[in-house]
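Reckoned from all heavy atoms, side chains included, excluding hydrogens, waters and symmetry mates.
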Amino acid sequence: MFVDNLTELQSLESWSTRKTTAICVNVIEETHDVKTFQFKTEQAQLFHFKPGQFIGIQVTIDGERHNRSYTIASSPTRPHVLELTVKLDPAGSVSPWLHQNIKVGSSLELRGPAGRFNCMDIKSNKVLLISAGSGITPVMSMARFWCDQSADKDIHFVNWSRSVQDIIFRRELALLDHQHANFNLEVVCTKPGLTENWLGRRGRLNKNLLLDIVPDLHERTIFCCGPEGFMEQLKTCLQQLDFDMSQYHDETFDPGGKKKSKLAAEKVEAQKMRDEKPDGPFNLTFKKTGKTVIVEADEILLERIEAEGIAIESACRAGNCGCCQVKKLSGDTNTVNEIGLHSERKQENFILTCTTRLESDVELDI
Ligand code: FES
């Protein structure tokens, strides 16, 4: 895993973006409930991705498989190690498992990267990075990426944290602020606590505070990540300030790594699918090879495609990223979550295979 000669260093390959087994090489306690896990591949490889993107992980807990998406916190300018910064959600299942079980030497299966929320596809020279809580990870990746390259960008970074103890990457942010003249940092604590000697700003997000912190926000492209309530509040503020929303980009993940707004609906839908699923089995035909296989009604389409050895992209495996889409030529299917599928693609009959089961014989354009 460790490279210490130039020839080897220069010949390192990029990681597989389909499925990679990564080994944990370090665990950093960022705050009382946030840990950063650093990963490498078994044979040294380079992690290439776009800052802001996420990867999918799959873990098995008590015999049940769980798929989650976590934004990559590290920067592709330091490609030897991939970092996932995970906040413990005591009510969740995956983040407590990661906090408890991922130690130096543990392995984890990664898929991806994926995600349109990134600073390579969305370009701007004057940016405002806004984050709340553990939503800091994608914008931290962007900040690291630009600062590592001394990029000619005007960067304003505003982070909302609950208390001083909850500020993730606090020392590194202060260092970036100190070392880069084009990087301006503002940390706001909503509840600093009486015993905390916090001299910075405090209070909840509102339009006056926002404008006070970033008077030139109308000239900036905004990248925001945080809890859903925070992002809704920010959008309301921006609309009240007549901000051009075409310059606003966001990403929402809950601490458990799933799109929060979809969680409850997904569970209900999944149960509905189990209750109402047609009997099956069904014929699944792959147009390009002409092969037809028998598929049970409860099989996840993506897993079956993979089992047949057909190359298909995947990352989140939860309907969020859109990686696993294929065109359906005929038949009925049931998809639990398709937030990652653009409406135009839906109209063209594309489906997300990671959240889809068959309800009749189906033909796919692969
Ligand atoms: S793998 Fe992300 S939507 Fe299917």
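Ion pairing of K346 with E344 is absent here, as no side-chain N (NZ or NE/NH1/NH2) approaches a carboxylate O to less than 4.0 Å. Using a 4.0 Å cut-off between charged side-chain N and carboxylate O, D121 and K50 make a salt bridge. Remark: E306 engages R317 in a salt bridge, criterion side-chain N to carboxylate O under 4.0 Å.
Distance CG/L108 to CZ/F37: 9.0 Å, rounded to 0.5 Å. Note: Q165 CD to R170 CZ = 8.0 Å, rounded to the nearest 0.5 Å. Here the OG1-CG distance, from T353 to L301, works out to 5.5 Å after rounding to the nearest 0.5 Å. Separation of atoms CG (N334) and OG (S360) is listed at 11.5 Å; rounding is to 0.5 Å. Taking CZ of F230 as the reference point, atom CZ of R204 lies at 10.5 Å (rounded to 0.5 Å). How far CD of Q53 is from CZ of R116: 10.5 Å, rounded to the nearest 0.5 Å.
Contact of the E228 side chain with the Q233 side chain is not registered, since no non-hydrogen atoms from C-beta on lie closer than 4.5 Å. Between H99 and V86 the shortest side-chain heavy-atom distance falls below 4.5 Å. With a 4.5 Å cut-off on side-chain heavy atoms, T356 and I300 do not count as touching. Between N125 and D154, every side-chain heavy-atom pair lies at or beyond the 4.5 Å cut-off. Counting heavy atoms from C-beta on, the side chains of I136 and L173 come closer than 4.5 Å. At least one side-chain heavy atom of L98 sits under 4.5 Å from a side-chain heavy atom of I57. Counting heavy atoms from C-beta on, the side chains of I366 and I310 come closer than 4.5 Å. Put simply, the side chain of F47 does not reach to within 4.5 Å of the side chain of H80, judged on heavy atoms.
Without hydrogens or angle criteria, S106 side chain to N101 main chain gives a donor-acceptor distance under 3.5 Å. Judged purely by atom type and a 3.5 angstrom limit, T335 has no side-chain atom pairing as donor or acceptor with the backbone of N337. Side chain of T41 to main chain of Q43: a donor-acceptor pair is present (N/O by atom type, distance under 3.5 Å, no hydrogens or angles). In terms of modelled atom types and a separation under 3.5 Å, the side chain of H218 and the main chain of L241 share a donor-acceptor contact. In this structure a side-chain-to-backbone donor-acceptor pair under 3.5 Å is present from W160 to G203. With hydrogens and angles disregarded, no donor-acceptor distance shorter than 3.5 Å links the side chain of T20 to the backbone of A22.
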| task | Determine, step by step, whether T285 and D361 satisfy the side chain to side chain contact (heavy atoms under 4.5 Å, CB included) criterion, reporting the C-alpha distance in whole Å, the side-chain angles of both residues, the deciding distance to 0.1 Å, and the verdict. | result | CA-CA 8 Å; T285 303; D361 294 346; over 6 Å; no
Where do H156 and L128 land on the side chain to side chain contact (heavy atoms under 4.5 Å, CB included) test, with the steps shown first? CA-CA 5 Å; H156 208 126; L128 171 57; 4.0 Å; yes
Next item on the list: Show your reasoning for whether side chain to side chain contact (heavy atoms under 4.5 Å, CB included) applies to F39 and V81.
Entry: CA-CA 6 Å; F39 293 96; V81 171; 5.9 Å; no
Legend entry - salt bridge (charged side-chain N to carboxylate O under 4.0 Å, His left out) assessment of K291 paired with E363: CA-CA 10 Å; K291 186 177 176 185; E363 185 177 16; over 6 Å; no
**Message:** Walk me through whether L238 and D244 qualify under side chain to side chain contact (heavy atoms under 4.5 Å, CB included).
**Reply:** CA-CA 8 Å; L238 292 173; D244 174 4; over 6 Å; no
*asked:* Show, in sequence, the C-alpha distance, side-chain angles and deciding distance for R304 and E299, and conclude whether the salt bridge (charged side-chain N to carboxylate O under 4.0 Å, His left out) test is met.
replied: CA-CA 7 Å; R304 188 53 192 265; E299 277 189 75; 3.1 Å; yes
Decide side-chain hydrogen bond (donor to acceptor under 3.5 Å, both in side chains) for Q58 and R111; before the verdict, give the C-alpha distance in whole Å, the side-chain angles of both, and the deciding distance to 0.1 Å. CA-CA 8 Å; Q58 187 175 77; R111 291 169 191 272; 4.8 Å; no
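Both tests pass for R144 against the ring of F169: distance under 6.0 Å to the centre and angle within 45° of the axis.
Nearest heavy atoms, P76 versus S141: CD-OG, 4.4 Å. Residues P96 and P90 come closest through the heavy atom pair CG-O, 4.4 Å. Summarising the geometry of D298 relative to R357, their closest heavy-atom pair is O-NE, 3.1 Å, with the distance given to 0.1 Å. The two residues G52 and T71 have their closest heavy-atom pair at O-CG2, 3.6 Å. Annotation for C224 and M231: closest pair SG-SD, 3.8 Å, computed over non-hydrogen atoms. Scanning all heavy atoms of the two residues, the minimum distance from E30 to T36 falls at OE2-OG1, 2.5 Å.
Clustering ILVMFWY residues whenever any of their side-chain heavy atoms sit less than 4.5 angstrom apart, transitively, puts I294 in a cluster other than the one holding F286. No continuous path of ILVMFWY side-chain contacts below 4.5 Å connects V362 to F350, so the two sit in separate hydrophobic clusters. Under the 4.5 Å side-chain heavy-atom criterion for ILVMFWY residues, no single connected hydrophobic cluster contains both V295 and L352. When the side chains of ILVMFWY residues are joined at heavy-atom separations under 4.5 Å, either directly or via intervening members, L129 and M120 end up in a single hydrophobic cluster. Linking Ile, Leu, Val, Met, Phe, Trp and Tyr residues whenever their side-chain heavy atoms come within less than 4.5 Å places Y70 and I61 in a single cluster.
Applying the 6.0 Å contact sphere to CG of D152 captures no more than 12 heavy atoms from other residues, nucleotides or ligands. By the 6.0 Å contact criterion, NE2 on H32 is enclosed, its count of non-hydrogen atoms from other residues, nucleotides or ligands being greater than 12.
Residues R78 and S75 bring no donor and acceptor atom of their side chains to less than 3.5 Å of each other. For the residue pair R220 and Q247, no side-chain donor N or O sits within less than 3.5 Å of a side-chain acceptor on the partner. Side-chain atoms of N283 and T292 form no donor-acceptor pair, as typed in the model, at a separation below 3.5 Å. Between the side chains of T21 and E109, no donor-acceptor pair of N or O atoms lies under 3.5 Å. A donor and an acceptor atom, one from each side chain of D166 and S161, are nowhere located under 3.5 Å apart. Side-chain contact, T333 with K328: a donor N or O sits under 3.5 Å from an acceptor N or O. Using modelled atom types and a 3.5 Å distance limit, the side chains of Q38 and E83 yield a donor-acceptor pair.
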Listed pairs under 3.5 Å, donor-acceptor, residues 179-187 side chains, sequence neighbours left out:
{"unit_1": "N182", "atom_1": "ND2", "unit_2": "A151", "atom_2": "O", "d": "3.0"}
{"unit_1": "N182", "atom_1": "ND2", "unit_2": "K153", "atom_2": "O", "d": "2.7"}
{"unit_1": "E186", "atom_1": "OE2", "unit_2": "R201", "atom_2": "NE", "d": "3.3"}

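In this structure, F223 has its ring center under 6.0 Å from that of H249.
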